[in-house]
Enquirer: 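Sharing a structure with you now.
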Amino acid sequence: MKVLVFVEQRDGKIKSSAHEALTVGFKLAGSSANLAAVLVGQGVAGLSGQLAGWGADTVYTADSADLSLYNIQGYSNGVEAAIKAFSPDVVLGVASPMGRDVFPRLAARMDGAILTDLTSIEAAGNGVQGTKPMYSGKCIADVATDGAKISFVTIRQNVFPSSKAESGNATATPVTAAAGDGKIKTIEIRKGKSAKPDLTEASLIISGGRAMGNSENFKILADCADVIGATIGASRAAVDSGYATHDMQVGQTGKTVNPNLYIACGISGSIQHMAGMRTSKVIVAVNTDKDAPIFGVASYGIVGDLFKVVPLLTEQFKTLLK
Amino acid sequence: MKILVLIKQTPDTESKIRLSGDGKSIEQGDIKYIINPYDEFAIEEGLKLKEKLGSGEVVIASFGGETAKELIVKGLAMGGDRGLLISNAGLEGADSLAIAKVLTGAIKAEKADVVFCGKQAIDDDNMHVGTMAAEMLGWPHVNVVTKFDLNGTTARVEREVEGGKVEVYDVTLPAIFGAHKSLNTPRYASLPGIMKAKKKPFDLKTPGDVGVDPSTLKAKAVIKGYKYPPEKPKGQIFAGEPVEVMVEKVVKLLRQEAKVI
């Protein structure tokens, strides 16, 4: 089948999750001729070379000054231009804020099938089948496209390993994104405060719960995070108590994360929190309450006071990584 | 101004999800349905907008089964003016594209000026329908909205994306907005509100009533079955030893067994 991968960039940097999508896309397409990528933005023509060896012979570039800031109209029109040029069976991307914006738009525009946030995927006919967690991760659904001419599919970040195909010459092929109607204008994109990877992309996360007591105490998590290169998260209880900001919240009304290691400090483990982190590959729980539900999903647990445990963890990680 | 709020019934987070014996469906018996939590922020934003403008109508609408009626009435108890349920009888397997087609019909039939919905439903976490409906209407949309401020027919809207970044947009109405948690604090229904809600106008319609041909609603994305997530092997929990010893054990396991550090 022919697969087009939407390769996301922000601020001129190709996102690491795009490599996960290219890896999956190459497997589905079966050959570099059947895999193409599309880049949308200002200056993206210069980025196409970075995709050499990632499986696609063709990289469509919708490169225009109008696209310097992300805008749903311009970006979906850019991807649409590549679809018209390549006629793929499947358009593949990542369940990121951008992917979750562009893919439903285009599926509606082209009357296509849409599947989002898949955690496994394989080719089936001219579409795909796979799995996705539902109901806060309480069950896994077997899903499939069914009889659509074109399918729009996103994968969950951090689930599929990325590995370079070592083929695909990534020839840049310009396409033109149709201009938007001006009914939505991007005024600005304000930078986040943190230089760390976003929670949804982080491979290591250390999170604090209500037991942190106040926002200053998050410093002990920050110290540990600095040593191992982790991103800091929080439970809803910690956010609602004002100890942490909402963009740090992991769980049902926050973010769904998928790191290799999730360290939960002073988090009891409500259903809502676990909905956001239970698929982490390794979970470490630190809690004074030996009956806390978080220990039920933990790979390793320490029944103890986080204010004693975390500084010792930091020390030992430091020694280990020296 | 006609303000339409789209809501969906979702199982209460606390509900146990039990699969049927053949794994084809979810047992309905134990499930208590609630208004999808993000949709409560959408209702609140619709009510706030009407209050700010001093006039207008807030219609609470859903596409779903009979049980959704009770939840629409809850929205009316919060302050909505009128309820609209489009019955999904015979269309229970509708995919998000089909649902968006039906709701697009409802938005057109209602001649809505602005539509609020939740950024996603907590059952399938798809984040599709509001965005798809906007596309079918030729309208702009912003999803994951954390701030909404209408000035005339232009809304200044903020949306949260990865890394704590915030995208700021000017959007010309009509448009669809998907509410995120930090947009507002939903009000509770007052006792008089609850009493009044039962007497408020409520329409039950079919997709055909809002101009949608059911034969165009065949699902293109299907759920073939469900399974439970794989059981995690029981973890190693340390207790009752000196903290230094426990930490050392865990760090060693992270390095040698889990190989994540």
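The figures here come from the full heavy-atom set of this structure, side chains too, leaving out hydrogens, waters and symmetry mates. All values reported here derive from a predicted model rather than from experimental measurement. Reminder, nothing fancy here: chain letters follow the sequence lines and each chain counts from 1.
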Enquirer: For A:D142, does its backbone N or O pair with a side-chain atom of B:K227 as donor and acceptor, under 3.5 Å?
Expert: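 Here the side-chain-to-backbone pair does not exist.
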Enquirer: Considering heavy atoms only, which positions within residues 234-242 of chain B lie below 4.5 Å of chain A?
Expert: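 At a heavy-atom separation under 4.5 Å, chain A is reached by B:G235, B:Q236, B:I237, B:F238, B:A239.
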Enquirer: Tell me, for B:V142 versus chain A, whether the close heavy atoms (under 4.5 Å) come from the side chain, the backbone, both or neither.
Expert: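 When you check distances to chain A, only side chain atoms of B:V142 fall under 4.5 Å.
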Enquirer: Under 4.5 Å heavy-atom distance to chain A, tell me which part of B:V171 shows up: side chain, backbone, both or neither.
Expert: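 B:V171 touches chain A through backbone and side-chain heavy atoms alike.
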Enquirer: Any salt bridge linking B:D125 with A:K132? Criterion: basic side-chain nitrogen under 4.0 Å from a carboxylate oxygen.
Expert: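 Not counted as a salt bridge, because no side-chain N and carboxylate O are separated by less than 4.0 Å.
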Enquirer: Where do A:G182 and B:T172 come nearest, in terms of heavy atoms and distance?
Expert: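 Heavy-atom minimum between the residues: O-OG1, 4.4 Å.
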Enquirer: Does A:D101 form a side chain to side chain contact (heavy atoms under 4.5 Å, CB included) with B:R159? I'd like the steps, not just the answer.
Expert: CA-CA 11 Å; A:D101 226 24; B:R159 127 179 168 107; 3.8 Å; yes
Enquirer: Using a distance-only test with no angle check, is there a side-chain donor-acceptor pair under 3.5 angstrom linking A:Q252 and B:T13?
Expert: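 Yes, because at least one side-chain N or O of A:Q252 sits under 3.5 Å from a partner of the opposite role on B:T13.
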Enquirer: Do any of residues 252-260 of chain B come closer than 4.5 Å to chain A, heavy atom to heavy atom, and if so which ones, in number order?
Expert: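 Residues B:L253, B:L254, B:R255, B:E257, B:A258, B:V260 are the ones that qualify, each having a heavy atom under 4.5 Å from chain A.
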Enquirer: Could you look at B:K218 and say if it's the side chain, the backbone, both or neither that has a heavy atom under 4.5 Å from chain A?
Expert: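 Looking at B:K218, just its side chain touches chain A.
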Enquirer: For the candidates B:K181, B:K16, B:K165, which exhibits the highest count of non-hydrogen atom pairs separated by less than 4.5 Å from chain A?
Expert: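 Going by pairs under 4.5 Å, I would pick B:K181.
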Enquirer: Closer than 4.0 angstrom, basic N to acidic O: yes or no for B:K101 and A:D111?
Expert: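 A salt bridge links B:K101 with A:D111.
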Enquirer: Please look at B:P229 and chain A and tell me whether the side chain, the backbone, both or neither of the residue comes under 4.5 angstrom of a heavy atom of that chain.
Expert: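 It is both, since atoms from each part get that close.
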Enquirer: Under the criterion side-chain contact (heavy atoms from CB on, under 4.5 Å), which of A:N260, A:V282, A:L320 is the partner of B:I261?
Expert: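 Exactly one pass, corresponding to A:L320.
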Enquirer: When only pairs under 4.5 Å are counted, which of A:T253, A:T279, A:L106 shares the most heavy-atom pairs with chain B?
Expert: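 Among the listed options, the one with the most contacts to chain B is A:T253.
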Enquirer: Kindly compute the distance separating OG1 (B:T153) from NZ (A:K183), expressed to the nearest 0.5 Å.
Expert: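 It comes to 11.0 Å.
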Enquirer: Could you please spell out the steps behind the side chain to side chain contact (heavy atoms under 4.5 Å, CB included) verdict for A:R105 and B:M136?
Expert: CA-CA 8 Å; A:R105 273 256 164 204; B:M136 291 173 191; over 6 Å; no
Enquirer: Do B:V251 and A:F317 pass the side chain to side chain contact (heavy atoms under 4.5 Å, CB included) test, and can you show the C-alpha distance, the side-chain angles, and the key distance before you say yes or no?
Expert: CA-CA 7 Å; B:V251 169; A:F317 285 146; 4.0 Å; yes
Enquirer: When you check the gap from the basic side-chain N to the acidic O, do B:E167 and A:R190 get nearer than 4.0 Å?
Expert: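 A:R190 and B:E167: not salt-bridged.
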Enquirer: What part of B:H180 gets closer than 4.5 Å to chain A, counting heavy atoms only: side chain, backbone, both or neither?
Expert: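 Answer is side chain: those atoms of B:H180 sit under 4.5 Å from chain A.
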Enquirer: Tell me, side chain or backbone of B:I26 under 4.5 Å from chain A's heavy atoms, or both, or neither?
Expert: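 For B:I26, the side chain is the part near chain A, not the backbone.
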Enquirer: Quick check for you: to the nearest 0.5 Å, what is the distance between A:L115 atom CG and B:H128 atom NE2?
Expert: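 That separation rounds to 7.5 Å.
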